[in-house]
Amino acid sequence: MLPSRWRFGWDRYTEVDLFTDRDESNVETLSQAIRAAVSEEPDADGSVQFGSLQGTVVGLRYYTGVVNRGEMVGLVREPQNPYDRNAVMVANVYGNQVGHIKKELAAAMAYIMDKNLAKVEGVVHTGTNNKFSMPVMLSFWGKEENKKAVIESMARRGYKLDMSGKLFGANYKSDYSQSARALASKKGLTTALTAEELKNAFDNLFEGLTESKDGEKEAAKSVGTPLLPHQKQALSWMCARENKSGLPPFWEKRGDLYYNSLTCFSAREIPERVRGGILADDMGLGKTLTTIALILTNFHKGKPLPVEKCEEQSSPLKAKSKPHVASKQEGGSSAGLSDGAASLMQPDLYKLETMAANLSDVVEEAVNSDTAKSKEEKKATKRKQEAPVLLEDLDFAAALGGSAPDQSAKKKKKTAKKAAPTPGVGSSIPESAEDLSARATLIIAPLSVLSNWLDQLEQHVRPDVKLNVYLYYGSERNRSKKFLSSQDVVITTYNVLSSDFGNKSPLHGINWLRVVLDEGHIIRNSNAKMSKSVLDLKAQRRWILSGTPIQNHVKDLWMLLAFLRLKPFDVKDWWNRVIQRPAIQGDRVGLQNLQTLVKCITLRRTKSSEVNGRPLVSLPEKTVCVEQVELSQAEREEYELARKEGRSTISRYVAEETVLRNYADVLVILMKLRLHCCHSDLLAKITSDLGASATPAELRERLIEKLRLVLASGSDEECSVCLCSVHLPVITHCAHVYCRPCIAQVISTEQERARCPLCRTEIKTSELVEFPQEEEEEGKSVNSGNWKKSSKVQALMGNLLRLRCEDSSVKCLVVSQFTRFLTILESPLREHGFSFVRLDGTMTQKRRTQVIKEFQSSDPDSPTIMLLSLKAGGVGLNLTAASHVYLMDPAWNPAAEEQCIDRCHRLGQKRKVVVTKFIVKDSVEENMVKIQRQKQDLVEKAFGSTNTDRKTSRIDEIKALLEL
DNA sequence: ACCGCCGGGTGCC
DNA sequence: ACCGCCGGGTGCC
């Protein structure tokens with residue numbers, strides 16, 4: 001059940017060792033192990049509570065993990081436990097073991113947990129009156145279908161699940177705290193949010209994060225480009241996030257202790273701060289420049305990065321020497337003993353915490369004089385061996401102004417480890433004790449923006465400054481750790497990083513000063529290798545740059561928090577329990593918490609944000625106009641024919657209630673109509689898509705490839721219908737090649753019962769695949785002149801010609817979702833002597849860069865038109881040379897259009913931007929536009945909903961589109 | 001003395 | 001654990 005890497009020694013001393021720091025070993029922290037154990041579980045979204053049960057945690061005196069009243073605890077199966085293979089371990093939020101579930105109950109739980117019938121969550125809310133055991137409220141969560149089995153299984157062993165107070169069950173907590181108010185709402189004392197409010201809450205999650213109390217910061221001299229005010233603010237904020245040691249969200253200081261108001265966990269040491277965050281500014285506001293400025297401005301101790309040719313003081317670059325502070329005394333227990341505190345719970349929290357602190361002192365002594373002394377001594381000895389290194393670091397930290405060094409050395413050491421359980425080998429330098437030898441910043445970016453980083457570095461770093469930048473890409477890349485870690489900046493892609501991962505990756509062996517994830521939302525799937533490889537990087541500071549931090553679901557946020565190591569939410573269980581589930585269920589306080597969390601670590605401004613009453617950036621005006629296109633009579637006839645056909649098909653699906661099953665078909669019908677609006681040539685080719693309902697695109701690709709192979713094989717393939725060499729080849733889904741007219745004949749004679757002449761598989765006209773347009777046209781377009789007009793093409797050409805007369809220097813983006821439409825457009829453009837380039841998803845990175853450079857050039861002979869596929873290149877492209885945008889066809893997702901427009905309507909744009917949307921009158925396109933706004937809403941409503949829900953809402957949409 | 005009773009040692013899983 | 005349990009010491013009251 002548990003992953004094989006769950007490997008501690010079960011000797012109790014070794015176990016303790018887990019939490020002390022075996023510096024160079026492979027031992028993982030418990031919280032990592034927990035993370036690993038839960039990572040494969042389904043999301044908590046769909047689970048319901050089965051009931052709750054009071055249980056007992058025993059063996060408290062053997063472990064150092066402390067629990068406050070009201071604190072959540074984690075329950076982890078321990079099948080390898082030599083004393084009892086049913087063992088269930090109890091751990092606090094930091095992953096420190098607190099004890100075990102009493103064996104009889106553990107036996108009952110083990111069955112359920114191992115079978116994955118339920119997840120069990122614990123809250124310690126009543127305190128204890130002894131040092132050996134304490135009660136814990138357990139709540140069982142799982143899929144509805146397992147509920148009965150769980151309840152019965154527990155009942156068989158004499159445990160009855162309590163169903164009262166089900167909604168949030170064991171999540172409830174003590175009074176007095178902030179979380180108590182959360183509790184109140186969970187108990188229904190405040191209302192849950194309506195769906196509408198919930199939607200708005202998510203919408204606004206990343207809004208209103210603009211206020212930056214950090215003022216502005218000037219960039220280091222080595223930054224050649226003067227920063228705009230909002231960029232200085234961002235820089236100031238980023239520096240502060242990297243340098244300031246404020247408390248992370250939900251932590252507060254209470255007396256001598258640091259207390260997490262959500263999980264009720266408390267620690268004596270200041271919780272590890274997150275050095276970094278999310279810069280979620282809109283695209284075009286200069287996230288790249290700001291990041292470059294950060295790299296150059298904020299090296300160790302807030303000093304600028306020492307660079308060659310800069311006459312500034314040389315920062316203690318490689319200075320490994322650390323102040324040596326005498327070691328503190330050994331021994332003493334680290335048991336904070338808040339179980340004692342809990343039994344004394346009083347309304348006066350401050351007093352309480354003070355008492356707890358004093359109590360624990362007393363107990364430390366008591367423990368030392370305990371009969372278990374010999375064991376204590378063993379532990380102490382064991383620790384002593386490893387102590388010096390860590391103590392040095394810790395006291396060093398204290399010397400730097402960290403936490404007050406008033407605890408016992410042992411305690412400090414352990415907590416240091418807890419506070420910084422950086423995964424992997426040798427990564428356990430407490431982050432509070434800055435490792436001044438780290439120099440390099442690692443930037444990970446999608447391939448499409450790599451060149452952008454290089455350009456911008458070149459552009460913004462002063463020419464007389466030598467910044468060592470290394471592009472870790474390509475087969476010849478230098479894999480020397482020594483070399484890489486001595487760079488100032490190393491740039492690589494997510495793909496390179498993940499393909500290196502697990503394969504002696506040099507990038508994972510380096511202590512980075514900083515890791516920056518560009519377009520960080522890319523790593524939202526936590527199961528992806530890419531994400532895992534990113535999580536395993538060792539760094540002092542971590543940043544996520546993203547224009548769109550949440551794209552579809554709140555759960556996407558988890559990965560970002562895990563990357564930033566925002567404790568305790570880097571363990572998915574805690575995230576689910578404390579944030580995600582309450583938020584999704586519309587719990588008001590849960591949402592507030594989520595918002596607070598996001599607010600603490602995110603800076604986001606939009607183009608329309610204002611700072612001190614002035615707009616953040618002043619971009620040239622943008623006008624969007626819709627140009628209606630009338631279809632010619634012939635086009636209209638074809639369109640109406642297709643629409644009628646589509647309508648009847650979809651009506652049938654609706655009547656049969658099989659729309660969902662035939663969803664792919666439905667989309668194809670709509671696609672056909674949309675293509676009709678553009679150019680009828682697109683359509684003849686798409687018919688082959690209809691009916692390939694499984695994975696049409698894939699299947700099609702495969703068949704096309706097959707067809708190509710058959711024809712290219714040279715053997716003059718003959719059609720088994722006419723027995724002549726194939727003319728107008730098509731391939732069936734069963735992968736046999738015929739002449740289109742021949743097989744069409746077969747199908748039309750046999751009608752519904754048509755079968756492949758070769759293999760007797762059922763075939764349909766709609767399933768015949770032929771070469772896509774481009775391939776056939778390759779030869780054709782050379783001596784073209786015979787391209788067919790379409791109303792939309794003519795509308796575009798009219799615009800382009802008029803524009804060229806008015807001002808021949810204006811450059812345009814011509815955007816379509818259909819690359820084959822772009823191909824069709826090439827002919828008239830060529831015919832009218834336009835110089836154009838093309839950018840679509842099929843092009844190599846190298847070619848793209850080249851094309852963009854060509855287009856952006858101010859050379860009078862440079863191309864004036866770019867044919868752009870809507871999805872090409874993703875975000876980050878800079879096409880500011882263009883000031884006119886022609887959107888040839890409406891997109892399902894209006895945001896995609898916006899993004900595309902933003903490629904030219906962004907920083908650096910000098911002209912007014914004019915956007916023209918071509919919409920065919922009385923067509924599916926018009927309805928699409930009508931629906932676009934609603935559609936946006938639907939997507940957002942689908943935040944917490946299932947895929948089916950989303951599709952269901954789209955069915956309504958589809959009906960509307962076809963006016964059903 | 002093959003019991004009861006007393007009191008020290010001991011204690012998670 | 002101011003418990004329960006175990007096992008050794010002990011043995012009228």
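Chain A is the first sequence line, chain B the second, and so forth, proteins listed ahead of strands; every chain is numbered from 1. Keep in mind that what you see is a predicted model, and the values were worked out from it rather than measured.
R254(A) forms a cation-pi arrangement with Y259(A), by the criterion of a distance under 6.0 Å to the ring centre and an angle within 45° of the ring axis. Under a cutoff of 6.0 Å and an axis angle of 45°, K147(A) and F50(A) do not form a cation-pi pair. The side-chain tip of R577(A) does not point at the ring of W141(A) from less than 6.0 angstrom away and within 45° of straight on.
Distance, K102(A) NZ to dG11(B) C1': 11 Å, rounded to whole Å. Per the geometry, CZ belonging to R61(A) stands 10 Å off C1' belonging to dA1(C), to the nearest Å. Q80(A) has its CD atom 19 Å from the P atom of dC13(B), to the nearest Å. Per the geometry, CE belonging to M134(A) stands 12 Å off C1' belonging to dC12(B), to the nearest Å. The separation between L60(A) atom CG and dG11(B) atom P is 16 Å, rounded to whole Å. If you take CE of M109(A) and C1' of dC13(B), they are 13 Å apart, rounded to a whole angstrom. Atoms CD1 (I101(A)) and C1' (dC13(B)) sit 11 Å apart, rounded to a whole Å. As rounded to whole Å, 10 Å separates atom P of dC13(B) from atom OH of Y62(A).
A syn base is found at dA1(B): its glycosidic angle is within 90° of 0.
Ring planes of F250(A) and F569(A): perpendicular class, angle over 60° (limits at 30 and 60°).
Scanning both residues, I523(A) and S531(A), for their nearest heavy atoms gives O-OG, 3.3 Å.
Comparing the C1' positions of dG4(B) and dG11(C) gives a spacing of 9 Å, expressed to the nearest Å. Atom name C1', nucleotides dA1(B) and dC5(B): the rounded distance is 12 Å, in whole Å.
The pairing partner recorded for dG11(C) is dC3(B), the criterion being a Watson-Crick or G-U wobble arrangement whose two distances lie under 3.5 angstrom.
Interface remark: the D84(A) side chain does not form any donor-acceptor pair with the dC13(B) base, using a distance-only criterion of under 3.5 Å. Side-chain to base pairing of Y63(A) with dC12(B): one donor and one acceptor N or O lie within less than 3.5 Å of each other.
By the 5.5 Å and 30° criteria, Y83(A) is not stacked with the base of dC12(B).
Phosphate contact (OP1/OP2 of dC12(B), side-chain N/O of K103(A), threshold under 4.0 Å): absent.
Distance from the side chain of F132(A) is smallest to dA1(C) among dC12(B), dA1(C), dC13(B).
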